[in-house]
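The figures that follow rest on heavy atoms only: side chains count, while hydrogens, waters and symmetry mates do not. Please read these numbers as outputs of a predicted model, since none were measured by experiment.
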Amino acid sequence: MGGEISIIITISLIIFSSPLISKLLKLPTIPVEIMMGTFAAYLAFIVDHPTFHLVAELGFLYLMFLAGLEIDLKKLLSISPTMLKKSLLYNVVLFSSSICITLYFDLGKIFIVILPLISIGVLAALKKEYGDTEWIKMAFIVGLIGEIISIFALTTVSAALEFGVGTDFYKTMALFILFLVAMLMVYKLFHNLIWWFPEIKNYLMPEKDHQEQDIRISMAIFFLMITVMMYLHLEIAFGAFIAGIFITTFFEEHNKQLPNKLEHFGFGWLVPIFFISVGASLEIEALLNWDLVIKAFLITLAMIVIRLLASLLFVKEMGWNRFYMLGLSHSMPLTLLIAVSTIAYNNQSITQEYYYAFILASILEVLLVMVIIRIITSLVYFRNSN
């Protein structure tokens, strides 16, 4: 009982104080929550507890749900063919570079998937700070394609780690593809249904809603998709991701505040618990290991370099003085990097040392890239003002 009370009080204090500390240090909240979780575990304020792990896992699934909320299929389908081709080629360059690095340095095959990961979650923080600039708009468009490919890679790797590359794996992937086809059919059916009967949206989410019906229907879809994935023995995180896409695609125009409400609901209490648990899983003694720090720095460097290389494809659209901003903005796949690392570690595909290295790299990427972008934008502003 004492341990449970200690965990609850500690988590409450971290959730409350982390935004204040991040504002003071001028850092994103997520790395602060991870670091505070590490210190809390070191001081034994947070101990191993099954309920804590369960809530943290729910926080992770909700985080994937929020990642899905960033993707509107209608906008995705309206991307020009040229931009779509370049975005796909961008990912080809990322994965090709990742394969070369993995083979040259004789790393584990999981690196092929981890190094090219793209998550546009942190891009929202850049948008808040620098506004809706051209390079941020471009980063979102290319990032949408990249995140979908990353989520697909996450599901494939999860199946491979669980079943191995054999009959069960191919059955799982065939089931996964059938699931995607079924989702496309549901999308088309629901799209046509709403076109013929637009009042359905208002029935599901009334304009004068005094019972938070929009949140209720969103949570129902969220848990329904998780249940379907559990029944089909597919990656549960992908189900949460699909649920987010469904909500944004069909209900954002009807209720523009819904994505913001769901984001505030998640980042207000549930998602931070996941990041605190990630921090609590790290050992400070291990983080003081110089070899581990070097590994984390090299992973960070590799991930930034391959993105800068791939962003050369967009020199024509962005110019020589801006193309690198695209690569830098995609060099912070914080949530997906932690997600894939956690899955790989739980399936014993990577050692504890590499798990720590990936978590540390995810934090280093955010810190380094945020500082670099701030310096570049300050220099550009200073040069323009003169």
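Pairs of residues two or more places apart, or lying in two chains, that qualify as ring pair (Phe, Tyr, Trp, His ring centres under 6.0 Å) and include a residue from residues 273-302 are Phe60-Phe274. Under the ring pair (Phe, Tyr, Trp, His ring centres under 6.0 Å) criterion, no residue pair touches residues 6-40, with sequence neighbours excluded.
For the pair Lys86 and Leu313, the tightest heavy-atom approach, listed with the atom from each and the gap, is NZ-O, 3.0 Å. Contact detail for Ile299 and Ala357: the closest heavy-atom pair is CD1-CB, 4.2 Å. For the residue pair Asp291 and Asn289, the shortest heavy atom distance occurs at N-OD1, 2.9 Å. Residues Ser97 and Leu309 share a closest heavy-atom pair of OG-CD2, 3.7 Å. Arg307 and Pro116 get closest at one heavy-atom pair: NH2-C, 3.2 Å. Nearest heavy-atom pair across Ile46 and Ile7 is CA-CG1, 4.2 Å.
Other residues, nucleotides and ligands contribute at most 12 non-hydrogen atoms within 6.0 Å of the CD atom of Glu57.
Taking 4.5 Å as the limit, every side-chain heavy atom of Glu147 sits out of range of all side-chain heavy atoms of Pro333. No side-chain heavy atom of Ile34 sits less than 4.5 Å from a side-chain heavy atom of Ile276. Between Phe95 and Ile149 there is a side-chain heavy-atom pair separated by less than 4.5 Å. A 4.5 Å side-chain heavy-atom check between Ile304 and Ser331 finds at least one atom pair inside the cut-off. Counting heavy atoms from C-beta on, the side chains of His330 and Tyr90 come closer than 4.5 Å. Taking 4.5 Å as the limit, every side-chain heavy atom of Phe223 sits out of range of all side-chain heavy atoms of Val228. Using a 4.5 Å heavy-atom threshold, the side chains of Trp135 and Leu326 count as separate. Looking at Leu337 and Ser341, their side chains come closer than 4.5 Å, going by heavy atoms from C-beta outward.
A donor-acceptor contact under 3.5 angstrom links the side chains of Tyr355 and Ser281, judged on distance only.
Note that the CG atom of Leu301 and the CD atom of Glu365 stand 10.5 Å from one another [nearest 0.5 Å]. In this structure, the separation between CD1 on Ile226 and CD1 on Ile221 is 12.5 Å, given to the nearest 0.5 Å. Taking CG of Leu178 as the reference point, atom CE of Met183 lies at 11.5 Å (rounded to 0.5 Å). From Ser277, atom OG reaches atom NE2 of His49 across 14.5 Å, with rounding to the nearest 0.5 Å. With rounding to the nearest 0.5 angstrom, the CG atom of Leu328 is 11.5 Å from the CE atom of Met370. Rounded to the nearest 0.5 Å, atoms CD1 (Ile14) and CD1 (Ile9) are 12.0 Å apart.
Aromatic pair Tyr187/Phe246: ring centres not closer than 6.0 Å. The ring of Tyr354 has its center closer than 6.0 angstrom to the ring center of Phe111. In this structure, Tyr345 has its ring center no closer than 6.0 Å to that of Phe358.
In this structure, Tyr62 and Phe222 have perpendicular ring planes: the angle between them is above 60°, well past the 30° mark.
Classification of Arg322 and Glu134 as a salt-bridged pair fails, no side-chain N sitting under 4.0 Å from a carboxylate O.
Linking Ile, Leu, Val, Met, Phe, Trp and Tyr whenever their side-chain heavy atoms come within less than 4.5 Å leaves Met229 and Leu184 in two separate clusters. Cluster membership for Tyr231 and Met173, using ILVMFWY side-chain heavy atoms within less than 4.5 angstrom, is shared. When hydrophobic clusters are built by joining Ile, Leu, Val, Met, Phe, Trp and Tyr residues whose side-chain heavy atoms come closer than 4.5 Å, directly or via intermediates, Val142 is grouped together with Leu89. Linking ILVMFWY residues whenever their side-chain heavy atoms come closer than 4.5 Å, directly or via other members, leaves Ile306 and Leu103 in distinct clusters. Under the 4.5 Å side-chain heavy-atom criterion for grouping Ile, Leu, Val, Met, Phe, Trp and Tyr, Leu312 is connected to Ile372 within one hydrophobic cluster.
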Could you go step by step and tell me if Ser17 and Met36 meet the side-chain contact (heavy atoms from CB on, under 4.5 Å) rule? CA-CA 10 Å; Ser17 60; Met36 291 182 75; 3.3 Å; yes
Could you go through the side-chain contact (heavy atoms from CB on, under 4.5 Å) check for Met83 and Phe314 one step at a time? CA-CA 10 Å; Met83 184 56 65; Phe314 294 90; 3.7 Å; yes
Passes side-chain contact (heavy atoms from CB on, under 4.5 Å), Phe45 versus Leu13? Steps please. CA-CA 11 Å; Phe45 291 127; Leu13 290 173; over 6 Å; no
Kindly determine whether Ile118 and Asn91 satisfy side-chain contact (heavy atoms from CB on, under 4.5 Å), including the steps that lead there. CA-CA 9 Å; Ile118 291 178; Asn91 283 276; 4.0 Å; yes
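Partner of Ser362 under the side-chain contact (heavy atoms from CB on, under 4.5 Å) criterion, chosen from Val278, Ile338, Leu336, Leu117: Ile338. With Ser96 as reference, Val92 is the one residue of Val92, Leu94, Ile99 to meet the side-chain contact (heavy atoms from CB on, under 4.5 Å) rule.
Remark: Thr10 pairs with no residue by the side chain to side chain donor-acceptor pair (under 3.5 Å) rule, at least two apart or across chains.
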